[in-house]
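Let me begin by presenting the structure, written as structure tokens, before commenting on it.
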Amino acid sequence: MNQRARIAMSDDEVTAFLEGARKLQLATINPDGTPHLVTMFHALDEGQVVFWTYEKSQKARNLARDPRVSCLVETGDEYAELRGVLLYGRAVPVEERDRVLGVGMMIARRMTPGVPDELLLPYVEKTGRKRLAYVVERAKVVSWDHRRLK
């Protein structure tokens, strides 16, 4: 077995890793072709990465023009501790307003564990008026867990 295959995570491990992370690095494509890279809070909805952003943000403008994205979640400081998941795919807009707010609630819950929904809902409803939500449809998944190299 080659080293690449030894460190790859299973589908279940990828899902668990993404569920355990609050933030991801999201790359979209600027009009001039350069990458636009930002840190985003995210959630998983039926195993798919979801996020939301302000309608007038650079990433939203980029996605309206070109939906291709890459998403990176990684952890570890030393080489032997490095773990990560890199998703390539498309960010598909969520059309229904109720579902946009649902994505907002999932993210708000992850950002503020233990806070009751009735306290989160006013924030989500207010900021949700100016936000869009997206589901990342995966085309390719690359993962690594260097702890397996020991």
Side-chain angles (χ1 to χ4, degrees), residues 1-96 98-115 117 120 123-124 127-128 131-150:
M1 177 184 299
N2 69 29
Q3 184 167 312
R4 177 82 206 106
R6 282 180 52 209
I7 65 173
M9 295 182 200
S10 69
D11 291 343
D12 288 343
E13 290 170 323
V14 165
T15 299
F17 186 76
L18 293 173
E19 284 175 346
R22 290 178 47 196
K23 300 179 295 184
L24 61 76
Q25 305 300 310
L26 173 73
T28 61
I29 303 168
N30 283 318
D32 65 0
T34 59
H36 179 258
L37 184 64
V38 294
T39 301
M40 298 291 299
F41 289 106
H42 74 287
L44 288 187
D45 186 15
E46 297 181 18
Q48 293 182 298
V49 169
V50 293
F51 64 92
W52 73 341
T53 186
Y54 286 103
E55 190 174 352
K56 295 185 179 187
S57 69
Q58 183 63 51
K59 72 188 88 47
R61 293 195 314 266
N62 289 348
L63 291 170
R65 191 183 58 264
D66 186 338
R68 292 177 296 167
V69 296
S70 57
C71 303
L72 172 67
V73 177
E74 59 90 27
T75 188
D77 292 319
E78 303 298 327
Y79 185 80
E81 301 169 347
L82 297 178
R83 292 185 302 144
V85 171
L86 175 57
L87 307 175
Y88 295 97
R90 295 176 57 242
V92 177
V94 172
E95 300 295 333
E96 306 83 25
D98 286 348
R99 189 153 177 238
V100 171
L101 295 180
V103 168
M105 282 299 292
M106 285 187 276
I107 293 168
R109 286 182 192 117
R110 287 171 58 95
M111 291 172 61
T112 56
V115 175
D117 282 0
L120 297 175
Y123 162 79
V124 169
T127 63
R131 290 185 185 244
L132 304 173
Y134 298 88
V135 176
V136 177
E137 289 185 349
R138 301 176 193 181
K140 181 179 178 181
V141 178
V142 179
S143 65
W144 56 94
D145 184 346
H146 285 195
R147 299 174 306 173
R148 296 178 179 171
L149 296 174
K150 296 178 182 178

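On a predicted model such as this, the values are computed, not experimentally measured, just so you know. Worth knowing before you read on, the calculation uses all heavy atoms, side chains too, and leaves out hydrogens, waters and symmetry mates.
- Counting only distance, with no hydrogens or angles, the side chain of R22 and the backbone of F41 share no donor-acceptor pair below 3.5 Å.
- Summarising the geometry of T112 relative to A108, their closest heavy-atom pair is OG1-O, 2.6 Å, with the distance given to 0.1 Å.
- Between Y79 and H146, the ring planes are tilted. Angles from 30° to 60° get that label.
- Using a 4.0 Å cut-off between charged nitrogen and carboxylate oxygen, E13 and R147 do not count as a salt-bridge pair.
- With contacts defined as side-chain heavy-atom distances shorter than 4.5 Å, the pair W52/V94 does not qualify.
- By the 6.0 Å contact criterion, CG on D117 is enclosed, its count of non-hydrogen atoms from other residues, nucleotides or ligands being greater than 12.
- Note that OH of Y123 is 5.5 Å distant from CE of M111, once rounded to the nearest 0.5 Å.
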| query | For D32 and T34, what are the C-alpha separation, side-chain angles and deciding distance, and is it a side chain to side chain donor-acceptor pair (under 3.5 Å)? | reply | CA-CA 6 Å; D32 65 0; T34 59; 2.6 Å; yes
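- With hydrogens and angles disregarded, no donor-acceptor distance shorter than 3.5 Å links the side chain of R138 to the backbone of V49.
- Judged by distance alone, the side chain of R148 and the main-chain N or O of A8 form a donor-acceptor pair under 3.5 Å.
- Scanning all heavy atoms of the two residues, the minimum distance from M106 to L44 falls at SD-O, 3.9 Å.
- Few gaps surround CD on E81; more than 12 heavy atoms of other groups in view lie less than 6.0 Å from it.
- Considering every non-hydrogen atom in both R65 and N30, the closest pair reads NH2-C, 3.0 Å.
- Between the T28 side chain and the N62 main chain, no donor and acceptor come within less than 3.5 Å of each other.
- Within a 6.0 Å sphere centred on OH of Y88, heavy atoms belonging to other residues, nucleotides or ligands number 12 at most.
- Atoms OG1 and CE, from T15 and M9 in turn, are 11.0 Å apart once rounded to the nearest 0.5 Å.
- Rounding to the nearest 0.5 Å gives a distance of 11.5 Å between CG of L24 and CD of E74.
- Considering all non-hydrogen atoms of both residues, A91 and L63 come closest at CB-CD2, 3.8 Å.
- To the nearest 0.5 Å, atoms CG (L87) and CG (L18) are separated by 5.5 Å.
- Here the straight-line distance linking atom CG of D145 with atom CZ of F17 works out to 8.5 Å at 0.5 Å rounding.
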| task | Walk me through it: do Y134 and V103 pass the test side chain to side chain contact (heavy atoms under 4.5 Å, CB included)? | result | CA-CA 8 Å; Y134 298 88; V103 168; over 6 Å; no
| field | Stepwise side chain to side chain contact (heavy atoms under 4.5 Å, CB included) check, V69 with L26 | value | CA-CA 7 Å; V69 296; L26 173 73; 4.0 Å; yes
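- Taking all atoms of both residues into account, the shortest heavy-atom contact from V142 to K140 is CG2-CE, 3.8 Å.
- Counting only N and O atoms by type, the side chains of R61 and Q58 include a donor and acceptor under 3.5 Å apart.
- The closest side-chain heavy-atom distance from V92 to P67 is not below 4.5 Å.
- Taking CD1 of I29 as the reference point, atom CG of D66 lies at 4.0 Å (rounded to 0.5 Å).
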